[in-house]
Amino acid sequence: MKKHIIEDAQRCLQCKNPLCESGCPIGTPIKEAIQLLIGSNLNEAGKLLFENNPLSIVCSHICPQENQCEGHCVLGKKGSPVFISAIEGYISDYYLNIHKPATIADKNAPKVALIGSGPAGLAIAFMLCTKYRVTIFEGNDRLGGILRYGIPEFRLPKDIVDRLSDILIKSGVSVRPNTAIGSNLTIDDLFRDGFKAIFMGTGVWRPRKLNIKGESLGHVHFAIEYLRSPDAYRLGKEVSVIGAGNVAMDVARTALRQGAREVTIFCRGGEDAIAAGKSEVQYAKIEGAKIEVLKSPVEITDEGLILVDNEVKINEDGTKSIIPIAGSEKLHPSSSVIIAVSQGPRSVVISSTKGINIKDSGLVAVDEFGHTSRAGVFAGGDVVTGAKTVVEAVVAARKVAKAIEEYLMHNA
């Protein structure tokens, strides 16, 4: 065991009302897990974390801890907080090595279909597989969704996703890879074949456009597609990234690893408009990316990106408006331009299914428990909320899993 993990665990004050836990969206039982670790009850600590959040090991790698558990640690007010992510990662990694499914669903148990194997789909599979016969329908050749195809290896090692996938299969979950529901098979087909409940966790894989001239040129790419298979791209030496969220930082860091000499990230607003986590911004800068704020793209040319300078105006109600400065347009030479301004859902599942309402944004409309407008069909994760963090997807998955169980009690 690494020395700093023991030392950090021993620094924990075991607060009566641990703020670190209240700062965690899924209420990770940090205090008790650390107590079990120090008491040499590592198996119990791992089980505790896994049962609260089956993607605990994933969250230990990619959660914005500085805004959540570690950001709420009382020791951080005057010094360094407990390095909770490292402790959680160590415990969870160990537990995956020894985890064995407690029970496997009976062959006569009701069948549940999960469309998509991103964070929400994986979490629900873990939560339901001991009681129901779960089948995952995945459009790609391997499980993981955004965890595998949208987050770089340097942030989340793919062997973690492989290990979680193996555990699910050993737990009796069936997997149909390369099966996109909505093209050949439909939700109606699933109901016909005996599935009693269906969960849609298809994520947000349709990149949002800028709707500016030049967006279709050959050296322009969308971030979510680039991150899926960066080796397929030849970006050249001067890369411009439009957007300032975590995806933009991932793109910049990946491009630098792929040989780009100069990577510049452009943000429409000021420093306070950078949506990426503080640590992700720091890593991007350390690795060589430049960040320019108050810049908006107005056109993409063969030579690069034309940007206009912005200024911030404070409105009477205290809100801010971003105003372009007339005549400030300037070309930023770029061998490639990557657009990282969020994603929306693909509509193939919805368009092939009757009775499922969507919002104006194209996201699936659900109630607070994940029920869609069609009986027996549930949805959660990014396809409902838009792009959010993994831990938020797991929080939604826990609510939906309970709703599916309640539904099946009366309709199986």
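All residue numbers in this chain count up from 1 along the given sequence.
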| said: With a 3.5 Å distance limit and no angle check, can you tell me whether Ser117 reaches the backbone of Gly144 through a side-chain donor-acceptor pair? | reply: yes
| message | What I want to find out is whether Lys209 reaches Glu215 closely enough, with some N-O distance under 4.0 Å, to be called a salt bridge. | response | no
| message | Using only atom types and a distance under 3.5 Å, with no angle test, would you say the side chain of His219 pairs donor to acceptor with the backbone of Thr301? | response | yes
| query | Can you check whether Phe50 reaches Ile57 side chain to side chain, under 4.5 Å on heavy atoms? | reply | no
| query | Donor-acceptor pair, Asp189 side chain versus Thr186 backbone, under 3.5 Å? | reply | yes
| query | Cation-pi between Arg176 and Phe137: NZ/CZ under 6.0 Å from ring centre and within 45° of the ring axis? | reply | no
| message | Does this structure show an ion pair linking Arg148 with Asp141, if we count only N-O contacts that are shorter than 4.0 Å? | response | no
| Under the 3.5 angstrom rule, does the side chain of Asp317 hit a backbone N or O of Thr319 as a donor-acceptor pair? | yes
| Exam field: side chain Asn357 to backbone Ala365, donor-acceptor pair closer than 3.5 Å | no
| said: Taking side-chain contact (heavy atoms from CB on, under 4.5 Å) as the criterion, tell me which of Ile115, Val173, Ile124 meets it with Ile136. | reply: Val173
| Stacked cation flag Lys111 on Phe195, 6.0 angstrom / 45 deg | yes
| said: Would the distance check show the side chain of Arg253 and the main-chain N or O of Arg155 forming a donor-acceptor pair, the cut-off being under 3.5 Å? | reply: no
| message | Tell me if a side-chain donor or acceptor on Thr372 pairs with a main-chain N or O of Val377 at a distance below 3.5 Å. | response | yes
| So, are Asp166 and Arg163 salt-bridged, with charged N and O less than 4.0 Å apart? | no
| query | Lys31 side chain to Cys15 main-chain N or O, any donor-acceptor pair under 3.5 Å? | reply | yes
| message | Using only atom types and a distance under 3.5 Å, with no angle test, would you say the side chain of Asp8 pairs donor to acceptor with the backbone of Val82? | response | no
| Any chance NZ of Lys158 has more than 12 other-residue heavy atoms, nucleotides or ligands included, within less than 6.0 Å? | yes
| said: When you compare the side chains of Asp162 and Ser165, does any donor N or O come within less than 3.5 Å of an acceptor on the partner? | reply: no
| query | Just one of Val134, Ile404, Val394 clears the side-chain contact (heavy atoms from CB on, under 4.5 Å) bar with Met127, so which one? | reply | Val394
| message | Less than 6.0 angstrom from the centroid, inside 45 degrees of the normal: does Arg257 satisfy that with respect to the ring of Phe154? | response | yes
| Of the options Leu294, Ile323, Ile322, which is the one that meets Glu311 in a side-chain contact (heavy atoms from CB on, under 4.5 Å)? | Ile323
| query | Under the side chain to side chain contact (heavy atoms under 4.5 Å, CB included) criterion, do Leu363 and Val384 qualify, and how do the steps go? | reply | CA-CA 5 Å; Leu363 298 169; Val384 168; 5.8 Å; no
| Are the aromatic ring centres of His332 and Phe266 under 6.0 angstrom apart? | yes
| CA sep, side-chain torsions, deciding dist, call: Glu292, Thr264, side chain to side chain donor-acceptor pair (under 3.5 Å) | CA-CA 7 Å; Glu292 294 196 20; Thr264 307; 5.2 Å; no
| request: Determine yes or no for a side-chain-to-main-chain donor-acceptor pair under 3.5 angstrom, with Asp367 supplying the side chain and Phe369 the backbone. | output: yes
| task | Using distance alone, with no hydrogens and no angle criterion, decide if Ser56 and Glu88 have a side-chain donor and acceptor under 3.5 Å apart. | result | yes
